[in-house]
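Predicted model only: the values in this text are computed from it and were never measured.
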Amino acid sequence: MGEMEEAFISGFCRTSNETRTVACEYERHSDGSLELVEFDCSYEKCPNSSACLIYKEAVSRASQ
């Protein structure tokens, strides 16, 4: 298991119709890459998941 990093991402949530801050946990691997391992939201069950800018930012951070 690599080193864990935490990030807080804020943005507008269409489902709750408000600004949300989501806690994200990433695992940093030995090659320096980040993997999103925890997203503090019910993204899988959300009816607006395909348009979720908060999740897209979280995934984007992992691929940088």
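Cation-pi geometry between Arg20 and Phe12 is not satisfied (NZ or CZ under 6.0 Å from the ring centre, within 45° of the ring normal).
Remark: the backbone N or O of Arg61 is not paired with any side-chain donor or acceptor of Tyr26 at under 3.5 angstrom.
The distance from atom OG of Ser63 to atom CG of Leu36, rounded to the nearest 0.5 Å, is 10.5 Å. Atoms NE2 and CG, from His29 and Leu34 in turn, are 8.0 Å apart once rounded to the nearest 0.5 Å. We find the OG-CZ distance between Ser49 and Arg14 to be 11.0 Å, quoted to the nearest 0.5 Å.
Between Tyr43 and Tyr55, the two ring planes are parallel [angle under 30°; tilted spans 30° to 60°].
Legend: residues meeting side-chain hydrogen bond (donor to acceptor under 3.5 Å, both in side chains) with Asn17, ordered by chain and number and at least two apart, are absent. Evaluation of the side-chain hydrogen bond (donor to acceptor under 3.5 Å, both in side chains) rule for Asn48 yields Thr15 as partners, not counting sequence neighbours.
Under a 4.0 Å N-O distance rule, the pair Arg28/Glu5 qualifies as a salt bridge.
Inter-residue side-chain proximity for Ile9 and Cys24 is flagged as met; some heavy-atom pair is nearer than 4.5 Å. Val37 is listed as a side-chain neighbour of Met4, based on a closest heavy-atom distance under 4.5 Å. In this structure, Ile54 and Cys41 have side chains that are not in contact, with every pair of non-hydrogen atoms separated by 4.5 Å or more.
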